[in-house]
Amino acid sequence: MADSSEFSFTVGTRLDGDRHGRTGVISTPHGEIATPAFIPVGTKASVKAVLPETMKELGAQALLANAYHLYLQPGSDIVDEAGGLGKFMNWDGPTFTDSGGFQVMSLGVGFKKVLAMEAVGVRSDQVIAAGKERLATVDDDGVTFRSHLDGSKHRFTPEVSMGIQHQLGADIMFAFDELTTLMNTRGYQEKSLQRTHEWAQRCIDEHERLTAARTHRPYQALFAVIQGAQYEDLRRKACRELESIRGSGGTEFDGYGIGGALEKHNLGTIVGWCCDELPEAKPRHMLGISEPEDMFVAIENGADTFDCVNPSRVARNAAIYVDEGRFNINTSRFRRDFTPIDENCDCYTCAHYTRAYLHHLFKAKEMLSATLCTIHNERFTVRLVDRIRASIEGGYFDEFKKEFLGQWQGRIKAPGQ
């Protein structure tokens, strides 16, 4: 059986007071991750528009890929045959895969691929976004869905998700879960929580079996996923119940993912509830955040790692991050701006190109625009979390948070203003 000791987590410096924020180190068969850490998303075994080698150069410690998408294309069996996700994409560092549960929610109700929602509208367990068709249905055993690529029919169960993720070979995997929306009723949230708990038990049993069968591969850690929407009692219950789950051979979850729909202003409170209940000695991953204000809140309340597609997604639409805020490089005010995106940024783009050139690339619809802006946004995000980690270790987190968020609320001015 693969050696579970290949995966470990060590807590470093803690924030003072009763806050759960801390630094640490996650050790995996493919390297260490200094936490807190931002994990860039390479959905289909690729961070869009950027080489994996470039992601290493800009400081990414690990990458996350999507089990649903890789199952459909090229197929998890092909990734397995290639030697696993890292070898397939020429990435030698740690890797994560999510379970496909988020895509189930997106296919089922058609909402945008974001974690934070607004609790508006009629409470309904048949909710679906306007103009969307339901492509997934959930039952107690699993999920039946139609591919967004060709309409073909497929079925995910906890066992199927584990089989796919073991073939993908990521260092950290997530148990299959059901993600609800904030428009679901309290009754449905309770039912879904129980379903996710039962699926977690099935996941760890199958994980244990596959780990024993796949001794030719390094150990893969399995994280449980905490649901419960914005209900404190459900969140705390989920944490306690997931922590108590054991596989038939005594296997425990290696860490925990904090998922589920929530309103942005409740992010810190919900992370805090979960970290009150979760074991201190295991890592906590926050699924689906990347905005600077959210990262400060999540880290302060106990998140060790987190992922999001946002830095690369907005970059492809000309949105740029700097310490003073976010702006669109394709607006006319940057047409003759021959300065870097950010004179204080150490990324390749800022060292070699100007705002005027990037403005031109977007106007000319050149593919290079996405590459250069993604490099900057990913470096900005990775570097910001590195700075947050250093501030915790140095004992000046509160001062740094106040200073940075004060800048972040500002606005970029046009050249000469």
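In what follows, residues are counted from 1 in the order of the sequence shown.
Ring geometry, Tyr396 versus Phe400: the interplanar angle exceeds 60°, so the pair is classed perpendicular (tilted spans 30 to 60°). Using bins of under 30°, 30° to 60° and over 60° for the plane-to-plane angle, the ring pair Tyr71/His154 lands in the perpendicular bin. By the 30° and 60° cut-offs, the orientation of the rings of Phe380 relative to Tyr321 is tilted.
We find the CD-OG1 distance between Glu32 and Thr10 to be 8.0 Å, quoted to the nearest 0.5 Å. Taking CZ of Phe296 as the start and CD of Glu291 as the end, the distance is 12.5 Å to the nearest 0.5 Å. Between atom CD1 of residue Ile388 and atom NZ of residue Lys401 there is a gap of 10.0 Å, rounded to the nearest 0.5 Å. Atoms CD1 and CZ, from Ile299 and Arg389 in turn, are 9.0 Å apart once rounded to the nearest 0.5 Å. In this structure, the separation between OG1 on Thr95 and CD1 on Ile39 is 10.5 Å, given to the nearest 0.5 Å. Remark: Asn328 CG to Cys373 SG distance equals 10.0 Å, nearest 0.5 Å.
Contact of the Phe253 side chain with the Ile204 side chain is registered, since non-hydrogen atoms from C-beta on lie closer than 4.5 Å. Looking at Leu278 and His20, their side chains never come closer than 4.5 Å, going by heavy atoms from C-beta outward. In this structure the side chain of Arg355 never reaches within 4.5 angstrom of the side chain of Ile320, judged on heavy atoms. Using a 4.5 Å cut-off on side-chain heavy atoms (C-beta onward), Leu358 and His376 make no contact. Side-chain contact between Cys275 and Asn301 is absent, with no heavy-atom pair separated by less than 4.5 Å. Proximity of Thr211 to His166: side-chain heavy atoms (C-beta onward) are separated by under 4.5 Å at one or more points. The side-chain heavy atoms of Trp91 and Lys56, taken from C-beta on, include a pair separated by under 4.5 Å. Looking at heavy atoms from C-beta onward, Met55 lies in side-chain contact with Pro40 at the 4.5 angstrom threshold.
Under 3.5 Å, the side chains of His148 and Tyr68 contain a donor-acceptor pair of N or O atoms. Gln407 and Glu403 share no side-chain donor-acceptor pair at under 3.5 Å. Side-chain contact of Gln227 with Thr196: a donor-acceptor pair under 3.5 Å is absent, judged by distance alone. At a cut-off of 3.5 Å, with distance as the only test, a side-chain donor of Asp307 or His285 sits close to an acceptor on the other residue. Side-chain contact, Glu178 with Trp199: no donor N or O sits under 3.5 Å from an acceptor N or O. Under 3.5 Å, the side chains of Asn377 and Thr374 contain no donor-acceptor pair of N or O atoms. For the residue pair Gln167 and Asp77, no side-chain donor N or O sits within less than 3.5 Å of a side-chain acceptor on the partner.
A salt bridge does not link Glu243 with Lys282: every distance from a Lys NZ or Arg NE/NH1/NH2 to an Asp or Glu carboxylate oxygen is 4.0 Å or more. Using a 4.0 Å cut-off between charged nitrogen and carboxylate oxygen, Glu198 and Arg202 do not count as a salt-bridge pair. Note on Arg214 versus Asp80: salt bridge recorded, some NZ/NE/NH1/NH2 to OD/OE distance being below 4.0 Å. Using a 4.0 Å cut-off between charged nitrogen and carboxylate oxygen, Arg19 and Asp16 count as a salt-bridge pair. Salt-bridge annotation for Arg383 and Asp323: absent, with no side-chain N of the basic residue lying under 4.0 Å from a carboxylate O of the acidic one.
Around atom CD of Glu81, no more than 12 heavy atoms belonging to other residues, nucleotides or ligands sit under 6.0 Å away. Heavy atoms from other residues, nucleotides or ligands lying under 6.0 Å from CG of Asp18 number 12 at most. The environment of Gln73 atom CD is sparse: at most 12 non-hydrogen atoms of other residues, nucleotides or ligands sit within 6.0 angstrom.
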Go through the steps for Thr381 and Met295 under the test side-chain contact (heavy atoms from CB on, under 4.5 Å), then give the verdict. CA-CA 10 Å; Thr381 308; Met295 295 191 298; 4.0 Å; yes

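Put simply, the side chain of Ser161 never gets that close to the backbone of Pro158: no donor and acceptor are under 3.5 Å apart.
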